[in-house]
2 protein chains.
Amino acid sequence: MVIVDDHPIVISGISGLLSDLDTVEIVEKMQSGVTLLDYIINNKVDLILMDIFLPVMTGIDLCKKIKQKYPQIIIIGMSSQSERSLVMQFIQNGGNGYILKSASFEEFKRCIYKAIYGEIVFSDEVKTIISQPLSEDLEQVPSLSRREKDIAVLLSKGKSTQEIADELFLSFLTVQTHRRNILQKYKMKNVAELMTHLLKNNLLN
Amino acid sequence: MVIVDDHPIVISGISGLLSDLDTVEIVEKMQSGVTLLDYIINNKVDLILMDIFLPVMTGIDLCKKIKQKYPQIIIIGMSSQSERSLVMQFIQNGGNGYILKSASFEEFKRCIYKAIYGEIVFSDEVKTIISQPLSEDLEQVPSLSRREKDIAVLLSKGKSTQEIADELFLSFLTVQTHRRNILQKYKMKNVAELMTHLLKNNLLN
DNA sequence: TTTATTCTACCTGATATCAGGTAAAAAGAA
DNA sequence: TTCTTTTTACCTGATATCAGGTAGAATAAA
């Protein structure tokens, strides 16, 4: 098993917790996604426990990339907060489970055990969150294009359409179009709602 | 020393890390601020290491409360992300230091050691963040009144001025005034910028 | 009780956003 | 190369925001 987290303390916490599990052996601990990608090329990995808020590449992208090449590797995601759509995204991209860092030791152990046997596992708190508002089957989470992201970032800084146009050397009308497309993509009414959504789901940066 | 964090793994990680420090003895580990407040009434505490994103009461409020009654207790804050103003707020409310969870073991130890001897300590990454844009002495962080917070929350959900007025049984014009006051308080241009600021600094909820 | 803050409310006008539709280059993927 | 997505751009009109000022009533603090 490989643990990926950019917080050394969390890594040491988890390894301490898992030291008495005889079925699981911690092979490697690392702090970034790129390191992990390098590692799995040369080594056999059964299970990965990863934070989804990682520098450079998000855990969701990382999971997707790994599963494309190595679908047999079991990947469990972790995070402190749990936004419903974030969890859904992770599972959609091949994740085998999701644990909140506030989960108890017992929950951690239970989840890891079950995941090994092929189950899709969630820690208790995650369960309640994803089970309640079962709106649409699996809500698809659209992603922003490069340009759209540029504009979204500038919007988050309070820039007006005109200011963004000036900054990116675009027509006012072009920015207006992008802006509208972004809102439509996420079905948001206005930028305020959009910002909340993007920030809570860590879709900027 | 008391560790307060709502993530069991983080607690175990830190206690593992500190087990070889002979000057520091971990007395208690707890997951919430209210538990801590109860504890310090009946027990002598020298040092507290606390996550600032805690359920119910935020670490900043908790720190303030403790320092008012027990100014001699040394309190170090922790978090995963580090927003400049968040750190400043913590220090303004009496915090003796701030460590990012991505800090190395050595940094952790160094910070805790120095804090004991009365220094205000920051982990390396925090240092760079708070040192760069030294804009205004100690930027004061205004807080929202009850009503303003209500409105800010509704704004974050994408509600328009009219919708908020209807929901809170207020005049359209009243909401407009509150809205303007909120923007002025934080010197923000529009709600988009406001939302980013409020969310990044965890000022909603 | 006096003072300060918060909440409430109104007026005006300039500017910006939002929503609808359309469409031609440009870039990436199949 | 063909097809799809992305990026660019324009038009119109209704609605909303933002910024300025003012001010009484209700709470909370001193």
Length of the line joining A/L155:CG and C/dT17:P, which is rounded to integer Å: 8 Å
Sugar-phosphate, base or nothing in reach of A/Q176, heavy atoms under 4.0 Å: base
A/D46 side chain near A/I73 side chain, heavy-atom distance below 4.5 Å: no
A/T177-A/T174 side chain donor-acceptor pair, cut-off 3.5 Å: no
Side-chain N or O of A/H178 closer than 4.0 Å to phosphate OP1/OP2 of D/dT8: yes
Atom-pair distance (CD1 on A/I164; C1' on D/dT7), nearest Å: 15 Å
Position toward the 5' end of DNA chain D (nearest nucleotide), A/E148 or A/S171: A/E148
Distance-only donor-acceptor check, side chains B/N93 and B/Q89, under 3.5 Å: no
Candidates D/dC18, D/dC11, C/dT17 - which lies nearest the side chain of B/L183: D/dC18
Rounded distance in Å - CG (A/N181) to P (C/dG20): 12 Å
Separation of D/dT7 P from A/Q184 CD (nearest whole Å): 15 Å
Selection from D/dA28, C/dT17, C/dT8 that lies nearest to any side-chain heavy atom of B/R146: D/dA28
N or O in side chain of B/S145 less than 4.0 angstrom from C/dT5 OP1/OP2: no
Rounded interatomic separation in angstrom, taking CD from B/E193 and P from C/dA16: 15 Å
d(CZ, A/F172; C1', C/dA16) in whole Å: 7 Å
Protein-nucleotide distance (B/R179, atom CZ; D/dT17, atom P), rounded to Å: 4 Å
Parallel, tilted or perpendicular: rings of A/F90 and A/Y98 (30°, 60°): perpendicular
Under 3.5 Å side-chain donor-acceptor pair for A/K114 and A/N96: no
Residue-phosphate contact under 4.0 Å: A/R180 side-chain N/O, C/dG20 OP1/OP2: no
Residue met sooner reading DNA chain C from 5', once A/S160 and B/I151 are mapped to nucleotides: B/I151
Protein-nucleotide distance (B/E163, atom CD; D/dT15, atom P), rounded to Å: 14 Å
N or O in side chain of B/T174 less than 4.0 angstrom from C/dA9 OP1/OP2: yes
